Each structure stands twice: as structure tokens, then as C-alpha cells.
Amino acid sequence: MEVFPSPLESAKFIAEHSKDVSVDEEGARRVAESLFDKVSAAEFGLAGWKSLHELNPRAADKEAVDWVFLVDTLNFSFWSEQEECKYLVKYKDKTYSGYWSLCAAVNRALDDGIPITSPSYFATMTLDQVRHVFRSDTEVPLPLIEERHRVLNESGIVLLEKFGGSFLTCVKMSEKSAQKLLHIILENFLSYRDEAVFEKKKVSFYKRAQILVADTWSVLEGKGDGSFDDISSLTIFADYRIPQVLVHLKAMKYSEKLMKKLREGALFQSGDKEEVEIRGCSIWCCALICKHLQEVYQKKGQDMHEKINAVLLDYYLWDYARDHRAEMKDIPFHRVRCIYY
């Protein structure tokens with residue numbers, strides 16, 4: 001059985017050896033305190049995943065789980081070279097950008113009778129069919145379309161050959177363990193192996209693999225096959241938006257040298273030292289925020305271990321990033337074109 005490095009242990013190691021990114025413990029504590037009132041609200045909770053996002057599936061069934069698998073298999077690289085020229089998808093009189101443009105394209109295809117969430121369909125899709133399903137309503141196409149085509153075919157074949165043609169089989173095999181499901185994903189679906197080498201040590205982030213576990217938990221409302229008792233063992237999903245929010249909230253800091261590179265629009269490669277530091281430190285920073293948030297509640301005599309975890313914190317911060325984009329304009333996000341996030 002293959003051993004996969006833990007994202008949390010990797011993050012701790014990266015944060016301890018990082019040169020250009022630092023986690024501000026006091027800043028993390030302040031963010032935790034500012035979130036105190038939010039935790040009891042719907043926006044910081046499992047219910048928010050469906051109620052706040054109209055494109056997510058309403059049901060908690062096999063089709064919804066297959067929708068989640070397809071979307072998270074393609075959940076990478078939506079940022080635009082220029083802010084004014086974006087990949088956009090119009091769906092039901094509304095225009096979506098970023099990750100939501102992908103969800104809109106999937107729902108548009110389903111409405112058009114294209115069985116895009118069915119592995120027997122996407123395992124054999126041609127590049128032209130992929131281009132059609134994910135067509136843009138602007139001149140800007142969806143980035144990395146050839147990579148998306150390859151990943152779709154590859155993942156569909158694995159589901160057909162090993163799991164009876166549905167990701168729900170993997171979920172059932174996990175026996176209500178988030179870690180076991182994560183391991184099944186990493187062992188069988190190569191595009192989810194989001195790893196790097198840092199200071200001669202193999203480290204991991206597993207952004208898409210962990211978000212697939214989390215979204216499965218969310219779509220199944222933490223019930224039945226999705227009642228993972230170890231959901232809090234997941235970390236946040238290290239992408240390009242969460243680090244930006246953490247720097248904005250002063251829980252994380254970049255060196256002047258790194259900030260200069262980011263402002264100049266430097267394009268990093270997946271696995272570059274600075275990129276690994278940004279992602280690793282953001283995971284560790286959010287682990288500290290969760291820890292401090294639980295401590296705040298403990299002082300008030302409440303045990304909130306069930307209610308506070310990195311998954312819900314990530315969902316909250318990601319939405320915060322979208323809603324406060326204008327305020328964060330002075331903090332550039334790091335640019336990487338890859339299939340991992």
C-alpha cells in the first residue's frame with residue numbers, strides 16, 4: 001500500500017523552514033477572534049454549501065456525488081491573464097466566472113441532454129466535445145483545455161474499470177472515513193497527486209483530493225455514506241485565493257522580495273520554492289486559526305470541535321475572498337498554471 005505524505009505535517013515542516021513566507025501567530029489568533037460571531041451563522045457551516053451556492057446540486061444522491069467528482073476533477077486554473085478578459089459562462093440569465101463558470105458549464109451541458117457527469121460518457125469524450133461543453137461566452141477559452149480532456153478520459157476509465165462506473169462506489173468503500181477516501185483517490189486517480197519536494201523532503205498539499213472528500217461530505221450533508229467521523233483531519237485546500245486572504249487579514253506575511261515578484265506578475269511553476277512556501281504556510285496558518293477558534297469557545301465553556309474544522313474555514317475564507325476582491329487588490333495572488341489548483 002502506497003504511503004502518501006500528510007498535508008498537515010508537510011505544512012508544519014514548510015512553515016518551520018520557510019524563508020519568504022511567514023505565519024503570524026498573533027494574526028491567526030486575531031482572525032480566529034473575528035470569526036467568533038460567524039461560526040454560529042449559516043455562512044460558516046455545512047448547510048451553507050447548498051443554500052448559498054445555487055449551482056451546487058440540491059439532492060444527496062448518486063448523481064450529485066458524480067457531479068461533485070466531475071467538477072473537482074476539473075477544479076483547477078481559472079485565473080485570467082487580464083482582469084478584463086475572462087473565461088465566462090452564461091447560465092439561466094446569469095454570468096459566472098472562475099470556478100463557478102465550470103459549474104455553470106456542467107449544468108448547462110446537463111440541461112442540454114449531454115451526460116457530462118457520467119463516467120461512461122467522459123471516459124471517451126473527444127477534445128472537440130470537451131471544447132464544446134466548456135465553451136466560453138467570451139473570446140477567452142477555459143485554460144488548459146487539453147489537460148482537462150486528458151484528465152477526464154483518464155479518470156473516467158478508472159471509474160469504469162475499477163469502481164463500477166460511479167464515484168459513489170469509492171465513497172462506500174471508504175467506510176465513512178475521510179482519510180480512507182482520500183487514500184482511495186490518491187491511489188487510483190493520478191491527477192490528484194499534488195506533491196512537491198521541499199528542503200529534500202517530499203511534501204503534499206492534495207488540494208483537489210481533499211476538496212473532493214469535503215464536497216462529497218457536503219453534498220451528502222454529512223449523513224449516510226458521507227458521515228465521515230474524521231472530517232476534521234483534512235486541511236484547507238491550498239490554492240491561489242486563500243493565501244491572498246490570509247495576507248490581507250495579516251495572518252500571513254510575504255517578504256519584500258516575494259511581494260515584488262508577485263506585483264510584477266511572475267509566473268511560478270508548480271513545485272517552485274516560493275510556491276511551495278505560499279501553499280504550505282497557508283495550510284499551517286489555517287490550522288492555527290482553527291486551533292485558536294476552538295480555544296476561544298473552550299474559554300466560554302463550549303466544545304466546538306464538531307463545528308469548527310479546516311473544511312468549513314476554507315469554504316468561509318474562499319467566499320470571503322470573492323466578496324472582498326476589491327479590498328484585496330493591493331495583494332496579488334501567486335500565478336501558476338497547473339492541474340493541481
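As the structure is a computational prediction, the values presented were derived from the model and not from experiment. For the single chain, residues carry numbers from 1 onward in sequence order.
- For the residue pair Trp67 and Asn56, no side-chain donor N or O sits within less than 3.5 Å of a side-chain acceptor on the partner.
- A salt bridge is defined here as a Lys NZ or Arg NE, NH1 or NH2 lying under 4.0 Å from an Asp or Glu carboxylate O, and Arg150 with Glu154 meets this definition.
- Under 3.5 Å, the side chains of Tyr192 and Ser155 contain no donor-acceptor pair of N or O atoms.
- Tracing side-chain contacts under 4.5 Å through hydrophobic residues (I, L, V, M, F, W, Y), one reaches Met328 starting from Val21; they form part of the same cluster.
- The 12-atom threshold is not exceeded at CD of Glu9, counting heavy atoms of other residues, nucleotides or ligands nearer than 6.0 Å.
- Scanning all heavy atoms of the two residues, the minimum distance from Ala123 to Leu160 falls at CB-CD1, 3.7 Å.
- In this structure, CG in Asp24 is found 11.5 Å from CG in Leu249, a value given to the nearest 0.5 Å.
- By the neighbour-count criterion of 12 heavy atoms within 6.0 Å, atom NZ of Lys273 is densely surrounded, having more than that number from other residues, nucleotides or ligands.
- Note that CG of Asp128 is 10.5 Å distant from NE2 of His132, once rounded to the nearest 0.5 Å.
- Distance CD1/Ile283 to CD1/Ile236: 5.5 Å, rounded to 0.5 Å.
- Although no hydrogens or angles enter the test, the distance criterion places a donor-acceptor pair under 3.5 Å between the side chain of Asp314 and the main chain of Phe237.
- There is a side-chain donor-acceptor pair under 3.5 Å between Tyr315 and Ser218.
- Considering only residues two or more places apart in sequence or on other chains, Lys86 meets the salt bridge (charged side-chain N to carboxylate O under 4.0 Å, His left out) condition with Glu83.
- Side-chain atoms of Tyr297 do not come within 3.5 Å of backbone N or O of Ile308 as any donor-acceptor pair.
- Judged by distance alone, with hydrogens and angles left aside, the side-chain atoms of Arg29 form no donor-acceptor pair with the main-chain N or O of Ile289 at under 3.5 Å.
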Item to check | Lys291/Glu295 under salt bridge (Lys or Arg N to Asp or Glu O under 4.0 Å): CA gap, chis, key distance, verdict | outcome: CA-CA 6 Å; Lys291 180 171 83 84; Glu295 284 167 0; 3.5 Å; yes
Checklist entry - How far apart are the C-alpha atoms of Glu275 and Ser270, what are their side-chain angles, what is the distance that settles it, and do they pass the side-chain contact (heavy atoms from CB on, under 4.5 Å) test? => result CA-CA 7 Å; Glu275 186 251 6; Ser270 177; 4.3 Å; yes
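- Nearest heavy atoms, Gly165 versus Pro119: O-CG, 3.3 Å.
- In this structure, Leu142 CG and Arg148 CZ are separated by 4.0 Å, a value rounded to the nearest 0.5 Å.
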Next on the checklist: Under the criterion side-chain contact (heavy atoms from CB on, under 4.5 Å), I'd like the reasoning laid out for Val31 against Leu293: C-alpha separation, chi angles, the key distance, then a yes or no.
Outcome noted: CA-CA 9 Å; Val31 170; Leu293 198 45; over 6 Å; no
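- Using a distance-only test at 3.5 Å, with no hydrogens or angles considered, no donor-acceptor pair links the side chain of Ser177 to the main chain of Ser174.
- Under the 4.5 Å side-chain criterion, counting only non-hydrogen atoms from C-beta, Leu168 is not in contact with Phe163.
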Checklist entry - side-chain contact (heavy atoms from CB on, under 4.5 Å) between Lys329 and His248: does it pass, once the steps are laid out? => result CA-CA 9 Å; Lys329 271 210 162 29; His248 170 71; over 6 Å; no
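- Below 30°, between 30° and 60°, or above 60°: for Phe167 and Phe189 the angle between ring planes is above 60°, a perpendicular geometry.
- A side-chain N or O of Glu25 and one of His292 form a donor-acceptor pair less than 3.5 Å apart.
- Between Tyr99 and Phe76, the gap from one ring centroid to the other reaches at least 6.0 Å.
- Atoms CD and CG, on Gln210 and Leu181 in that order, are 11.0 Å from each other to the nearest 0.5 Å.
- Taken from OG in Ser233 to CD in Gln179, the straight-line distance is 3.5 Å, to the nearest 0.5 Å.
- Counting non-hydrogen atoms of other residues, nucleotides and ligands closer than 6.0 Å to NZ of Lys253 gives a total of 12 or fewer.
- Side chains of Val336 and Gln269 form no contact here, defined as non-hydrogen atoms less than 4.5 Å apart.
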Checklist entry - What's the verdict on salt bridge (Lys or Arg N to Asp or Glu O under 4.0 Å) for Glu221 and Lys223, showing C-alpha distance, side-chain angles and the deciding distance? => result CA-CA 5 Å; Glu221 297 165 8; Lys223 297 171 191 164; 3.4 Å; yes
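- Taking the six-membered ring where the residue is Trp, the centroids of His149 and Phe134 are separated by 6.0 Å or more.
- With hydrogens and angles ignored, the 3.5 Å screen pairs no side-chain donor or acceptor of Asp319 with any backbone N or O of Arg322.
- Side-chain N or O atoms of Arg279 include one that pairs as donor or acceptor with a backbone N or O of Ala238 at under 3.5 Å.
- Judged by distance alone, the side chains of Thr117 and Asp66 never bring a donor and an acceptor atom under 3.5 Å apart.
- Side chain of Ser18 to main chain of Ser22: no donor-acceptor pair is present (N/O by atom type, distance under 3.5 Å, no hydrogens or angles).
- For Asn309 and Ser232, the side-chain atoms include no donor-acceptor pair closer than 3.5 Å.
- By the rule that hydrophobic residues join a cluster once side-chain heavy atoms approach within less than 4.5 Å of another member, Val245 and Phe36 end up as members of one cluster.
- Looking only at side-chain heavy atoms (C-beta outward), Phe13 and Phe198 come within less than 4.5 Å of each other.
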Checklist entry - Would His334 and Glu274 satisfy side-chain contact (heavy atoms from CB on, under 4.5 Å), going step by step from the backbone distance to the final call? => result CA-CA 9 Å; His334 68 286; Glu274 296 102 324; over 6 Å; no
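- In the model, Tyr206 has a side-chain atom that pairs as donor or acceptor with a side-chain atom of Glu195 under 3.5 Å.
- Hydrophobic cluster of Trp284: the remaining members, joined at side-chain heavy-atom separations below 4.5 Å, are Leu8, Val23, Leu288, listed by chain and number.
- Put simply, the side chain of Arg108 never gets that close to the backbone of Tyr91: no donor and acceptor are under 3.5 Å apart.
- Ion pairing of Arg208 with Asp72 is absent here, as no side-chain N (NZ or NE/NH1/NH2) approaches a carboxylate O to less than 4.0 Å.
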Next on the checklist: As a quick check of understanding, evaluate salt bridge (Lys or Arg N to Asp or Glu O under 4.0 Å) for Glu146 and Arg131, giving each step before the final call.
Outcome noted: CA-CA 9 Å; Glu146 289 89 356; Arg131 281 203 173 103; 3.3 Å; yes
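- Here the side chain of Asn153 pairs a donor or acceptor atom with the backbone of Met125 at under 3.5 angstrom.
- Under a 3.5 Å cut-off, the side chain of Glu139 and the backbone N or O of Cys85 do not form any donor-acceptor pair.
- Side-chain atoms of Tyr341 and Asn75 form no donor-acceptor pair, as typed in the model, at a separation below 3.5 Å.
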